[in-house]
Enquirer: 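The structure that follows is given in the form of structure tokens.
Residue numbers start from 1 in every chain, and the chains themselves are labelled A, B, ... in the order their sequence lines are given, proteins ahead of strands.
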2 protein chains.
Amino acid sequence: MTAETKNSLSEQARERLLAAARVVFSENGFQNATVREICRRAEVNIAAINYYFNSKEALFAATLNFEPLLALCKKVNKDSTCAQERLLNFIHDFLMQLLDEKEFSVQCQLMARELAEPTPVLGKIVQEAIAPIHQFVANLVCEIVGEKISEAELRRCVFSIFGQCMYYRHGQPVIQRLHPKLRYDHREIEAIAKHIGEFSLAGLKQIAQNQCP
Amino acid sequence: MTAETKNSLSEQARERLLAAARVVFSENGFQNATVREICRRAEVNIAAINYYFNSKEALFAATLNFEPLLALCKKVNKDSTCAQERLLNFIHDFLMQLLDEKEFSVQCQLMARELAEPTPVLGKIVQEAIAPIHQFVANLVCEIVGEKISEAELRRCVFSIFGQCMYYRHGQPVIQRLHPKLRYDHREIEAIAKHIGEFSLAGLKQIAQNQCP
DNA sequence: AAGTGTATCAAACGTTTGTTTTAAAGTAAA
DNA sequence: TTTACTTTAAAACAAACGTTTGATACACTT
């Protein structure tokens with residue numbers, strides 16, 4: 001057995017742990033996720049978590065990957081034209097990462113959990129992921145409504161946009177009970193993105209008018 | 001000692017338990033709240049929870065009170081004029097109940113927690129409180145945008161409004177780290193309500209235009 | 001004064017949690 | 001084969017959880 005094969009084999013446990021952890025954490029949150037279920041799904045011994053990582057918390061931190069979210073900002077900044085269009089594209093892509101169950105969106109769902117239920121790693125998440133994309137949207141809003149908007153009002157505009165998006169995930173337990181038939185398939189996400197986009201652009205235009213009458 | 005005095009005295013423990021439970025549950029959520037801390041704050045023995053109520057979950061159910069929230073809908077329906085005005089009033093009063101730290105809003109905060117972190121009692125909360133006020137806002141939106149709106153689009157409009165409001169509570173751990181100086185005092189809540197109101201009315205107007213061009 | 005039912009208490013119960021231990025199995029170089 | 005090192009395994013760890021127990025104190029009725 002070659003060295004590479006050995007590496008890939010010994011790394012298998014670690015990789016399976018990471019994959020299983022992503023699923024379990026995103027389904028149950030950090031607190032409710034148990035190391036036993038993670039190990040069961042990864043088909044490794046229970047001691048593996050503390051062997052490869054040092055703790056449940058470190059495993060959680062290792063599952064975080066901010067790149068897809070940050071890449072989203074860069075992508076939108078490149079291939080688009082006016083600020084309005086870029087905001088619409090961002091909302092669409094963001095919702096895709098946030099809601100699509102089939103997509104590789106576990107990363108995003110995992111982080112979305114933390115907004116409501118803080119863990120010791122939340123500080124890092126805010127600093128490296130949430131703050132940048134909030135700033136990114138804030139810049140877009142600035143371009144759309146003009147520079148004269150106050151800092152507080154700018155903040156509220158950003159919150160309005162993210163609030164609309166996040167509600168579909170934060171409020172999912174409720175939404176599922178209110179509308180049991182509702183599924184986040186591709187078509188539904190497109191419709192949601194279109195709605196939030198138009199809703200928000202109109203809202204921003206109104207705010208802009210208020211600021212400089 | 002008369003019977004009434006005895007009753008009021010023996011009820012003291014029960015009432016103190018309820019008051020403490022409301023605080024602890026709203027601060028930590030159902031899972032993270034411990035019966036020991038509730039009893040410590042209520043200054044009662046640890047066995048009191050299972051003596052007066054039957055379980056931690058039953059205690060939690062007993063802390064729920066949907067009246068303030070439902071009363072809000074009735075109040076808005078009475079003393080207001082046009083649908084737009086009523087929506088603005090609702091958003092304002094709702095945010096007051098949801099955010100004001102000094103107000104007696106623990107009830108609302110307690111329920112807001114459950115939106116993201118479901119408990120066995122969530123079904124009751126949705127049925128008795130959330131569904132009615134969602135329906136209430138849906139009716140307002142219908143009045144504003146006209147009857148021709150589709151059921152799905154109507155739902156998204158309601159979600160947009162609630163999403164904006166709830167983000168200030170659901171995302172509080174994040175918001176606190178993003179804007180450490182931000183406090184939900186009376187003035188700030190007024191500003192938030194004004195923002196969400198104008199933002200949403202403009203959004204609704206846009207949606208209405210889309211439906212019947 | 002004896003009896004009855006309620007309220008409170010410290011202590012322990014049985015689980016479940018994340019983590020650690022200790023030993024065995026496997027792998028590669030000497 | 002021997003040696004050194006890495007990886008797996010079962011079992012147990014201490015801590016925290018919600019809950020239950022059994023005894024005690026109290027107020028009220030008979």
Side-chain angles (χ1 to χ4, degrees), chain A residues 1-25 27-63 113-114 117-122, chain B residues 1-25 27-63 113-114 117-122:
Chain A
M1 188 176 283
T2 70
E4 298 126 40
T5 328
K6 180 236 168 180
N7 264 349
S8 77
L9 269 182
S10 56
E11 290 291 300
Q12 269 189 7
R14 190 190 154 96
E15 291 306 316
R16 280 208 310 275
L17 257 179
L18 274 174
R22 269 187 272 264
V23 175
V24 178
F25 279 137
E27 282 179 353
N28 306 94
F30 177 75
Q31 293 255 25
N32 289 10
T34 67
V35 294
R36 280 171 175 82
E37 187 182 354
I38 294 176
C39 291
R40 194 183 52 80
R41 288 214 209 180
E43 293 177 336
V44 301
N45 187 268
I46 222 208
I49 284 187
N50 286 277
Y51 177 76
Y52 286 103
F53 311 88
N54 289 329
S55 63
K56 178 192 180 187
E57 187 180 316
L59 169 62
F60 179 68
T63 62
R113 276 245 168 212
E114 302 312 300
E117 178 198 359
T119 75
V121 214
L122 178 58
Chain B
M1 187 177 284
T2 72
E4 298 127 37
T5 329
K6 181 227 168 186
N7 263 349
S8 77
L9 269 183
S10 56
E11 289 292 300
Q12 269 189 9
R14 191 190 153 95
E15 291 306 316
R16 280 207 311 274
L17 257 179
L18 275 173
R22 269 188 271 265
V23 175
V24 178
F25 279 136
E27 282 179 353
N28 306 93
F30 177 75
Q31 293 254 28
N32 289 11
T34 68
V35 296
R36 282 173 172 81
E37 187 182 353
I38 294 176
C39 291
R40 194 183 53 78
R41 287 214 209 180
E43 291 178 337
V44 301
N45 186 268
I46 238 233
I49 285 186
N50 286 276
Y51 178 76
Y52 286 105
F53 313 88
N54 289 328
S55 64
K56 179 192 181 185
E57 187 180 317
L59 169 63
F60 179 68
T63 60
R113 275 246 169 210
E114 302 311 300
E117 176 198 2
T119 75
V121 216
L122 178 58

Enquirer: Output the rounded distance in Å from CG (A:Asn54) to P (C:dT21).
Expert: 13 Å

Enquirer: Using a cutoff of under 3.5 Å, can you pull out all pairs of nitrogen or oxygen atoms linking the protein to nucleotides 9-11 of chain C, with atom names and distances?
Expert:
residue	atom	partner	partner atom	Å
C:dC9	OP2	B:Asn45	N	3.2
C:dA10	N7	B:Asn45	ND2	3.3

Enquirer: Please state how far atom CG in B:Leu17 lies from atom C1' in D:dT19, giving the value in whole angstrom units.
Expert: 15 Å

Enquirer: Whole angstroms only, please: what is the CD-P distance between B:Glu57 and D:dT19?
Expert: 9 Å

Enquirer: Does A:Tyr51 put a side-chain nitrogen or oxygen below 4.0 Å from OP1 or OP2 of D:dT6?
Expert: no

Enquirer: When rounded to the nearest 0.5 angstrom, what is the spacing between CD1 in B:Ile49 and CG in B:Asn54?
Expert: 11.5 Å

Enquirer: What's the CZ-P distance between B:Phe53 and C:dT8, to the nearest Å?
Expert: 12 Å

Enquirer: Which nucleotide, D:dT8, C:dA7, C:dT19, lies nearest any side-chain atom of A:Ala13?
Expert: D:dT8

Enquirer: Rounded to whole Å, how long is the line connecting atom CG of A:Asn50 with atom P of C:dG18?
Expert: 10 Å

Enquirer: Is there a side-chain contact (heavy atoms from CB on, under 4.5 Å) between B:Tyr52 and B:Glu15? Walk through the geometry before answering.
Expert: CA-CA 10 Å; B:Tyr52 286 105; B:Glu15 291 306 316; over 6 Å; no

Enquirer: Which ones in residues 30-40 of chain A lie close to DNA chain C, meaning a heavy atom under 4.0 Å from one of its atoms?
Expert: A:Ala33, A:Thr34, A:Val35, A:Arg36

Enquirer: Rounded to the nearest angstrom, tell me the gap between atom OH in A:Tyr52 and atom P in D:dA9.
Expert: 10 Å

Enquirer: Round to a whole Å and report the spacing from CZ of A:Arg14 to P of D:dT7.
Expert: 10 Å

Enquirer: How about B:Glu57: does its CD atom have over 12 heavy atoms from other parts shown lying under 6.0 Å from it?
Expert: yes

Enquirer: Counting only pairs under 3.5 Å, give me each side-chain donor-acceptor contact of residues 28-40 of chain B, with atom names and distances, residues two or more places apart or in other chains.
Expert:
residue	atom	partner	partner atom	Å
B:Thr34	OG1	B:Glu37	N	3.1
B:Glu37	OE2	B:Arg41	NE	3.4
B:Glu37	OE2	B:Arg41	NH2	3.0

Enquirer: Could you walk me through whether A:Phe53 and A:Leu17 pass the side-chain contact (heavy atoms from CB on, under 4.5 Å) check?
Expert: CA-CA 10 Å; A:Phe53 311 88; A:Leu17 257 179; 4.1 Å; yes

